Trainee: 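Structure incoming, see below.
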Amino acid sequence: MESVLRASAIFLFLWLVFRLTGKRSLAQITTFDFILLLIIGEATQQALLGDDFSVLNAWIVIATLMGLDLLLSQLKHRFPRLDPVLDSVPLVVVADGKLIEERAGHERVDVEDVLAAAREKHGLERLEQIKYAVLERSGGISIIPAPEAR
Amino acid sequence: MRIVHRRKTNTPSGPPELDRHLAFQRREWRAQQIGWIALVVFLAAALAGLFGSGPLSSARASDSGGGLAVDYQRFVRAGAAQRLQFEIETPGAGPVELRLSRRYLDAVRVEHVLPQPDSTTATGEWTTFVFAPGTRAVTLDGEPLGPGRLVLSAATGAGASLALWQLAYF
């Protein structure tokens with residue numbers, strides 16, 4: 001019983017913290033983000049397993065984590081209104097070549113982030129060539145080029 | 001119409017199929033701000049010692065006669081080591097006796113008792129440690145086994161006694 005509660009508590013806390021830090025939290029994995037992810041994993045591991053290093057305990061913890069993940073996706077499927085609560089929503093940050101400052105500011109996205117995505121995916125150079133830039137729920141930025149830029 | 005049009009060009013907006021999420025997005029930002037405040041409060045509480053060692057947690061309990069005192073942490077965690085430091089004043093020259101309530105010792109896994117007692121006996125509600133004559137300080141390291149409130153009663157052979165509580169987090 002303790003293992004299940006332990007794993008659930010960690011699962012919920014991690015979900016909450018990553019939800020709080022916003023869509024961009026770890027979307028762009030810089031070297032430091034990667035290290036941070038490893039450290040979070042290390043800090044989590046001890047609390048997940050406690051001082052019980054048996055195979056059965058690992059099974060229980062893994063089953064709990066996978067079960068909770070499955071449960072959440074089932075809930076999202078059955079109650080579509082929960083979807084934005086659990087996974088957030090996409091957000092338009094550039095419209096008609098202009099950065100929407102208020103939205104971008106909230107999500108800590110700047111022009112450079114948008115331009116980087118535009119260069120990588122469409123070979124665009126300037127903001128005016130972008131019709132819409134959308135900050136997706138995954139934290140990535142998708143670009144819809146302006147018609148004349150194609 | 002013209003005003004509407006002008007406002008639209010001043011503050012650009014996305015296509016309606018995406019901007020329909022905007023109301024939810026604003027609620028999310030508000031919730032996130034509240035969450036950040038909660039996170040800061042959580043960290044501040046942790047620094048202050050509400051979840052473990054720290055100024056809010058360090059405490060001292062003592063007998064009114066001065067024969068027994070203990071420094072301890074009010075807030076401890078299950079599975080994490082914590083320390084009780086007893087100070088004992090015994091008038092006579094005989095062996096020094098320290099009695100601790102069994103209920104406490106059942107809830108805590110004792111790792112070390114320093115100095116090592118000459119004998120340990122468990123009788124009913126009490127576990128009695130007997131130390132060499134002249135012992136004035138006893139350190140007990142232990143880990144709470146589970147979350148909850150721990151109550152410790154302690155007494156010396158000379159009749160001094162004290163009681164304290166600790167809260168063990170999960």
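Naming convention: chains lettered A, B, ... in sequence-line order (proteins, then strands); numbering from 1 in each chain. This is a predicted model, so every value here is computed, not measured.
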Trainee: Could you give the distance from CG (A:Leu91) to CG (B:Asp19), rounded to the nearest 0.5 Å?
Mentor: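 Between atom CG of A:Leu91 and atom CG of B:Asp19 there are 8.0 Å.
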
Trainee: So, do B:Phe24 and A:Asp83 sit near enough that their side-chain heavy atoms are less than 4.5 Å apart?
Mentor: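 Sidechains of A:Asp83 and B:Phe24: no contact.
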
Trainee: Does one hydrophobic cluster hold both B:Leu164 and B:Val76, with members joined at side-chain heavy-atom distances below 4.5 Å?
Mentor: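 Shared cluster, yes.
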
Trainee: Is it the case that more than 12 heavy atoms not belonging to A:Phe53 sit under 6.0 Å from its CZ atom?
Mentor: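 Buried by this count: over 12 neighbours within 6.0 Å.
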
Trainee: Report yes if some heavy atom in the side chain of A:Val92 is under 4.5 Å from a heavy atom in the side chain of B:Leu22; otherwise report no.
Mentor: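 Of all side-chain heavy-atom pairs linking B:Leu22 with A:Val92, none is under 4.5 Å.
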
Trainee: Do you know the tightest heavy-atom contact between A:Ala95 and B:Ser13?
Mentor: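 For A:Ala95 versus B:Ser13, the nearest heavy atoms are CB-O, 3.2 Å.
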
Trainee: Applying the 4.5 Å side-chain criterion to the ILVMFWY set and letting contacts propagate, would A:Leu36 and A:Val17 be lumped into a single cluster?
Mentor: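 Different clusters.
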
Trainee: Please work out whether the ring planes of B:Phe42 and A:Phe13 are parallel, tilted or perpendicular, with thresholds of 30° and 60°.
Mentor: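 Judged by the thresholds at 30° and 60°, the geometry between B:Phe42 and A:Phe13 is tilted.
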
Trainee: For atom CD of B:Glu125, decide whether the heavy atoms of other residues, nucleotides or ligands shown that lie under 6.0 angstrom number more than 12.
Mentor: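 Incorrect, the count does not exceed 12.
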
Trainee: B:Ile34 versus chain A, heavy atoms under 4.5 Å apart: side chain, backbone, both or neither?
Mentor: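 When you check distances to chain A, no heavy atom of B:Ile34 falls under 4.5 Å.
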
Trainee: Do B:Trp29 and A:Val93 share a hydrophobic cluster, counting only Ile, Leu, Val, Met, Phe, Trp and Tyr and linking them when any side-chain heavy atoms are less than 4.5 Å apart?
Mentor: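 They do share one cluster, since a chain of ILVMFWY contacts under 4.5 Å joins B:Trp29 to A:Val93.
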
Trainee: So what's closer than 4.5 Å to chain A heavy atoms on B:Arg26: side chain, backbone, both or neither?
Mentor: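 Side chain only.
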
Trainee: In terms of hydrophobic clusters joined by side-chain contacts under 4.5 Å, are B:Leu114 and B:Leu84 together?
Mentor: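 Looking at the clustering, B:Leu84 is in a separate group from B:Leu114.
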
Trainee: Check whether more than 12 heavy atoms from other residues, nucleotides or ligands sit under 6.0 Å from atom CZ of B:Arg77, and answer yes or no.
Mentor: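 No, the 6.0 Å shell around CZ holds no more than 12 heavy atoms from other groups.
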
Trainee: Given a strict heavy-atom distance threshold of 4.5 Å, which part of A:Arg6 is in contact with chain B: side chain, backbone, both, or neither?
Mentor: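 The answer is neither part of A:Arg6.
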
Trainee: Search all heavy atoms of A:Leu20 against all heavy atoms of B:Trp36 and return the closest pair with its distance.
Mentor: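 Heavy atoms only, the tightest pair is O-NE1, 2.9 Å.
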
Trainee: Tell me which of these, A:Arg103, A:Glu101, A:Glu102, A:Arg19, has more heavy-atom pairs under 4.5 Å with chain B than the rest.
Mentor: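 Looking at each of A:Arg103, A:Glu101, A:Glu102, A:Arg19 in turn, A:Arg103 comes out on top.
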
Trainee: Answer yes or no: does atom CZ of B:Arg60 have more than 12 heavy-atom neighbours from other residues, nucleotides or ligands under 6.0 Å?
Mentor: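 Count over threshold, so yes.
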
Trainee: Honestly curious: do A:Leu71 and A:Phe79 fall in one hydrophobic cluster under the side-chain, below-4.5 Å linking rule?
Mentor: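 Yes, A:Leu71 and A:Phe79 fall within the same hydrophobic cluster.
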
Trainee: With only heavy atoms counted, which part of B:Ala78 is less than 4.5 Å from chain A, the side chain, the backbone, both or neither?
Mentor: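 For B:Ala78, there is no contact with chain A at all, as no heavy atom is under 4.5 Å.
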
Trainee: Pick from A:Lys131, A:Glu107, A:Glu2: which one has the most heavy-atom pairs with chain B under 4.5 Å?
Mentor: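 If we count pairs closer than 4.5 Å to chain B, A:Glu107 comes out on top.
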
Trainee: At a heavy-atom separation under 4.5 Å, does A:Val85 approach chain B through its side chain, its backbone, both, or neither?
Mentor: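 The answer is both parts of A:Val85.
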
Trainee: Tell me, yes or no, whether the heavy-atom count around A:Trp59 atom CH2, taken from other residues, nucleotides or ligands under 6.0 Å, exceeds 12.
Mentor: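 It does not: A:Trp59 CH2 has 12 such atoms or fewer within range.
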
Trainee: Determine the minimum heavy-atom distance between A:Pro90 and B:Leu18, stating which atoms define it.
Mentor: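 A:Pro90 and B:Leu18 have their closest heavy atoms at CG-CD2, 3.8 Å.
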
Trainee: Which value, rounded to the nearest 0.5 Å, describes the distance between B:His21 atom NE2 and A:Ser88 atom OG?
Mentor: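 Output value for this atom pair is 9.5 Å.
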
Trainee: Mark yes or no for whether B:Glu28, through its side chain, and A:Gly22, through its backbone, hold a donor-acceptor pair below 3.5 Å.
Mentor: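 Pair absent, no side-chain N/O of B:Glu28 close to backbone of A:Gly22.
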
Trainee: Does atom CD of B:Gln116 have more than 12 heavy-atom neighbours, drawn from other residues, nucleotides or ligands, at distances under 6.0 Å?
Mentor: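 No, not enclosed.
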
Trainee: Would you say the side chain of A:His106 lies within less than 4.5 Å of the side chain of B:Gln33, judging by non-hydrogen atoms?
Mentor: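 A side-chain contact exists here, since the closest heavy-atom pair is under 4.5 Å.
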
